[in-house]
Amino acid sequence: MKLILLALSLLLTVDSGKALGVDESICNPGGTVIYYPNGELKSCPLKDITLLSGVRCNLYAEAEFYELGTLKSCITRDFFYYESLTCNEYSTISFYTSGKLEGCVLATRVEVDGKICVDLQPIVLFENGRLKTCTAPR
């Protein structure tokens, strides 16, 4: 019985309070750190290569977050694979609040919704994954 009460009290203690966002310890010391009015981290330059929402974001580059702590955008360190797309390394990548890809710079030529999108150019998707814009071959 004591064990059950202890477990229950621990669960209530851990579960209380607001959801935790991103910790500012990932930020480069001396860099500009911006917070939302509720105190959650909004943006900062990263002090190290950091894995955020499945993306390896580059050090010293700006990372932006939504209020709940999910990644809004950063500069990739590596290629990022999303469904049939390959986003280029060392380029901007952005996400919707749902975590779905909003846009990136393509590493390879790809066909999306019947349109050819060229490599090394930006692609932007609607939240439902349909193509919003990309650069077609000349």
Side-chain angles (χ1 to χ4, degrees):
M1 181 67 171
K2 288 182 183 180
L3 186 58
I4 292 172
L5 289 174
L6 178 62
L8 185 57
S9 66
L10 182 61
L11 181 63
L12 290 173
T13 302
V14 170
D15 196 37
S16 64
K18 62 181 178 133
L20 297 176
V22 181
D23 188 306
E24 71 180 64
S25 65
I26 65 170
C27 301
N28 190 23
T32 301
V33 179
I34 300 172
Y35 297 93
Y36 285 102
N38 68 359
E40 294 295 330
L41 183 62
K42 184 174 185 178
S43 68
C44 72
L46 300 172
K47 72 177 178 182
D48 292 310
I49 298 168
T50 308
L51 185 64
L52 300 167
S53 301
V55 179
R56 284 190 49 172
C57 298
N58 207 10
L59 69 161
Y60 307 126
E62 187 84 8
E64 290 184 273
F65 306 93
Y66 289 106
E67 267 186 280
L68 294 177
T70 56
L71 182 64
K72 183 175 185 178
S73 68
C74 76
I75 304 296
T76 60
R77 173 63 179 212
D78 301 317
F79 294 103
F80 181 77
Y81 303 95
Y82 185 87
E83 297 176 1
S84 65
L85 303 179
T86 302
C87 298
N88 208 12
E89 58 189 346
Y90 304 107
S91 61
T92 301
I93 190 166
S94 61
F95 297 90
Y96 290 102
T97 55
S98 64
K100 294 186 178 190
L101 182 68
E102 179 179 14
C104 70
V105 174
L106 291 172
T108 58
R109 179 182 290 224
V110 67
E111 183 177 334
V112 180
D113 294 339
K115 182 176 180 182
I116 300 294
C117 301
V118 297
D119 55 333
L120 304 179
Q121 294 297 314
I123 186 170
V124 180
L125 305 173
F126 290 105
E127 194 165 5
N128 66 6
R130 303 281 300 183
L131 180 65
K132 189 173 190 178
T133 63
C134 76
T135 303
R138 295 179 193 212

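Please read all numbers here as calculations on a predicted model, not as lab measurements.
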Q: Please test Cys87 against Leu101 for side chain to side chain contact (heavy atoms under 4.5 Å, CB included), starting from the C-alpha separation and ending with a verdict.
A: CA-CA 10 Å; Cys87 298; Leu101 182 68; 4.1 Å; yes
Q: Applying side chain to side chain contact (heavy atoms under 4.5 Å, CB included), run through Lys115 and Cys134 and close with a yes or a no.
A: CA-CA 9 Å; Lys115 182 176 180 182; Cys134 76; 4.0 Å; yes
Q.
Run the side chain to side chain contact (heavy atoms under 4.5 Å, CB included) test on Phe65 and Lys42 for me, step by step, so that the C-alpha distance in whole Å, both residues' side-chain angles and the decisive distance to 0.1 Å come before the verdict.
A. CA-CA 5 Å; Phe65 306 93; Lys42 184 174 185 178; over 6 Å; no
Q.
Run the side chain to side chain contact (heavy atoms under 4.5 Å, CB included) test on Val55 and Cys74 for me, step by step, so that the C-alpha distance in whole Å, both residues' side-chain angles and the decisive distance to 0.1 Å come before the verdict.
A. CA-CA 9 Å; Val55 179; Cys74 76; 3.9 Å; yes
Q) Arg109 and Asp119: salt bridge (charged side-chain N to carboxylate O under 4.0 Å, His left out), yes or no, with the steps? A) CA-CA 5 Å; Arg109 179 182 290 224; Asp119 55 333; 5.0 Å; no
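Taking the side chain as every heavy atom from C-beta outward, Leu106 and Val118 never approach each other to under 4.5 Å. Under the 4.5 Å side-chain criterion, counting only non-hydrogen atoms from C-beta, Thr70 is not in contact with Ser98. Annotation: side chain of Glu102 is not in contact with side chain of Ser73 (no heavy-atom distance under 4.5 Å). Contact of the Cys104 side chain with the Val124 side chain is not registered, since no non-hydrogen atoms from C-beta on lie closer than 4.5 Å. In this structure, the side chains of Val33 and Ser43 stay at 4.5 Å or more apart for every pair of heavy atoms. Looking at heavy atoms from C-beta onward, Phe126 lies in side-chain contact with Lys132 at the 4.5 angstrom threshold. Side-chain contact between Leu46 and Leu52 is present, with at least one heavy-atom pair separated by less than 4.5 Å. When side chains are defined from C-beta on, Leu85 counts as touching Val112, because their heavy atoms get closer than 4.5 Å.
Distance check, rounded to the nearest 0.5 Å: CG of Asn128 to OH of Tyr96 gives 8.5 Å. Note that CZ of Phe80 and CD of Glu89 are 14.5 Å apart. Values are rounded to the nearest 0.5 Å. Taken from CZ in Arg130 to CG in Leu125, the straight-line distance is 10.5 Å, to the nearest 0.5 Å. Rounding to the nearest 0.5 Å places NZ of Lys47 at 5.5 Å from OG of Ser25.
Of the listed residues (Leu71, Ile26, Ile93), just one forms a side chain to side chain contact (heavy atoms under 4.5 Å, CB included) with Cys57, and that residue is Leu71.
Scanning all heavy atoms of the two residues, the minimum distance from Glu40 to Glu67 falls at CG-O, 3.5 Å. For the residue pair Leu41 and Cys44, the shortest heavy atom distance occurs at CD2-SG, 4.2 Å.
Donor-acceptor pairing under 3.5 Å is lacking for the side chains of Asp48 and Thr50. Checking Tyr35 against Glu24 by side-chain atom types alone, a donor-acceptor pair falls below 3.5 Å.
Tyr81 and Phe79 have tilted rings, their planes meeting at an angle from 30° to 60° on a 0 to 90° scale.
Distance alone, capped at 3.5 Å, places no donor-acceptor pair between the Lys100 side chain and the Phe95 backbone. A donor-acceptor pair under 3.5 Å links the side-chain atoms of Thr76 to the main chain of Asn88, judged by distance alone.
Applying the side-chain hydrogen bond (donor to acceptor under 3.5 Å, both in side chains) rule to Arg56 yields the partners Asp78; only residues at least two apart in sequence or on another chain are considered.
Other residues sharing the hydrophobic cluster of Ile49, ordered by chain and number and joined by side-chain separations under 4.5 Å: Leu59, Tyr60.
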